[in-house]
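Report on the structure given below.
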There are 2 protein chains.
Amino acid sequence: MARARQKNGKDRHQEILEAAARVITERGLADTRIQDIAEQCSVSPGLILYYFESKDRLLVEALTYSNDRYYLAQARDLRRLDSARDQLWRLIDLSVPGLLPDFERLEEWALWIEIWVRALRDPALAKEREVLDRRWRQSIADIVRLGRTTSEFAEGEDADEIGMKLGALIDGLAVQVLMNDTQVGPVHMQRMCQEVAASLIGFELEPATSA
Amino acid sequence: MARARQKNGKDRHQEILEAAARVITERGLADTRIQDIAEQCSVSPGLILYYFESKDRLLVEALTYSNDRYYLAQARDLRRLDSARDQLWRLIDLSVPGLLPDFERLEEWALWIEIWVRALRDPALAKEREVLDRRWRQSIADIVRLGRTTSEFAEGEDADEIGMKLGALIDGLAVQVLMNDTQVGPVHMQRMCQEVAASLIGFELEPATSA
DNA sequence: CTCCGAGTTGACTGGTGATTCAAAGACGGG
DNA sequence: CCCGTCTTTGAATCACCAGTCAACTCGGAG
């Protein structure tokens, strides 16, 4: 009774969600039409509505689905590093839009802003947003806690508090970098995040900032 | 030849722009219809298009117009205070969504997020955004410079750099407060901003945080 | 080989909303 | 009072798009 799959192993649901995320990134949530998503999948518009109850539901699902994927990829990436300091630096690098060619994050930040706008009026999405956001701050706080158990970092301010501050800083700067602000480029953002992180956690930066 | 004004002294342009800003805040940029704006002004939809070339232009103008008004009001408010420290604390208070009953800023932050989303795809608005954003960071940096000339603050990191960091932190936290995040309320945001400001500029916080 | 149902299509419906436009005020100057 | 111009109206136009639906495909079960 297993649902027949199409050529590639993927599920149509996922395929559509990914296509939707791509279209939203390109055209913006407000200008995304069902037709566009259908074209991304090379299927007919009718099929999209066969798999999703409505356009609205699909879009919201696409936003959170996509964010989730990015988060998991990031978590996997960080887990490979032993040192808390390395993890923190890596997390910053991964968060800077357009810093790492392979892992640009441009797409994700654009989607994240769309989530904000929509969450203002969509209570269900608002709840989702809070969960996703908490997880993100948490991952920073966890790195701080890790560093303290291994004595890489000294004890100090509450780790969750640091997570909120650093998380908010990264959010704010990422928006500006994403907007191509001429005064806040990726490398500049990276340095500022490192400086604030060092100050919040309480360690010295080496003179030669790690790339 | 002066254009005839209507009953109240206001210009139709302004009246429409303000109405548009109100509607955008309520319904969101994407769901704002010309009809809604017309109703806010108690005029017919046709008139809106008589004063503005197109809905798109009107909306973009409304966003920047509104931001401008808020900024000027804030600048006027700050100028009344002599001490740099007071100015900085006031700026923070004014920035926290929903902290001061009279000056909620909820509306402004919501519009600001709409600007971000739209600026991603509208080069003209993107340029506007950068100007507005720079001015905002600048006003923080100016307070730091003021405090240094009056020796309230010690010399230290470049003031513009501090402006970017603190500005980004406020942006990031404001979004969360605006979203009604259960872990980041207005008072909490206020305290975190004060702590980071004190640390960046280099002064001690009094034990009893000023309300 | 035939039947069945999930998967898929694309034409169709309905509603919506921006924009246009011709006609109708309103108002100051002559 | 009459005229011309600036405002304002509301109906008409026009395009667009979400969602519906009847028909078609196709692979597997019997």
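Every value quoted in this text rests on a predicted model; they were computed, and no experiment measured them. Chain letters run A, B, ... following the sequence lines, proteins first, then strands; residues in each count from 1.
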Winner on side-chain proximity to A:Ser44, out of D:dT8, C:dT9, C:dG17, is C:dT9
Inset, instruction - Inspect the contact between A:Glu128 and A:Arg135 and indicate whether a charged nitrogen and a carboxylate oxygen are less than 4.0 angstrom apart. - result: no
Rounded to whole Å, CZ of A:Phe52 lies from C1' of D:dT20 at a distance of 18 Å
From CG of A:Leu49 across to P of C:dC12 the rounded distance in Å is 18 Å
In whole angstroms, the gap separating P of D:dA11 from CD of B:Gln35 amounts to 11 Å
Of the listed C:dT19, D:dA18, C:dA18, the closest approach to the B:Ser54 side chain comes from C:dT19
Of D:dA18, C:dT19, D:dT9, the nucleotide closest to the side chain of B:Val43 is D:dT9
So CG of A:Leu120 and CZ of B:Arg27: to nearest 0.5 Å the spacing works out to 15.0 Å
In B:Val175, B:Val96, B:Asp171, the residue satisfying side chain to side chain contact (heavy atoms under 4.5 Å, CB included) with B:Trp109 is B:Asp171
- prompt: Within the pair A:Tyr50 and C:dG7, is there a side-chain N or O less than 4.0 Å away from OP1 or OP2?
  reply: yes
Taken to the nearest whole Å, NZ/B:Lys55 to C1'/D:dA15 is 14 Å
_B:Glu161 vs A:His188, test: side-chain hydrogen bond (donor to acceptor under 3.5 Å, both in side chains). Steps then yes/no._
CA-CA 10 Å; B:Glu161 200 80 356; A:His188 189 181; 3.0 Å; yes
A:Leu47 CG to D:dG19 C1', in whole Å, measures 14 Å
* When you check the phosphate oxygens OP1 and OP2 of C:dT8, does a side-chain N or O of A:Arg12 lie under 4.0 Å from one of them? -> yes
message: For a quick test of reading the model: is some side-chain N or O of A:Tyr51 closer than 4.0 Å to OP1 or OP2 of C:dT8?
response: yes
Between CG of B:Asp31 and P of C:dG17 the distance, given in whole Å, is 9 Å
Taken to the nearest whole Å, NE2/B:His13 to C1'/D:dC6 is 13 Å
A:Leu58 atom CG is separated from D:dG19 atom C1', nearest whole Å, by 13 Å
Quick one: label A:Ile34 by what it contacts on the DNA or RNA (base, sugar-phosphate, nothing), any heavy atom closer than 4.0 Å. sugar-phosphate
Ignoring hydrogens and angles, state whether a donor on the side chain of B:Glu108 or B:Ser66 is under 3.5 Å from an acceptor on the partner side chain. no
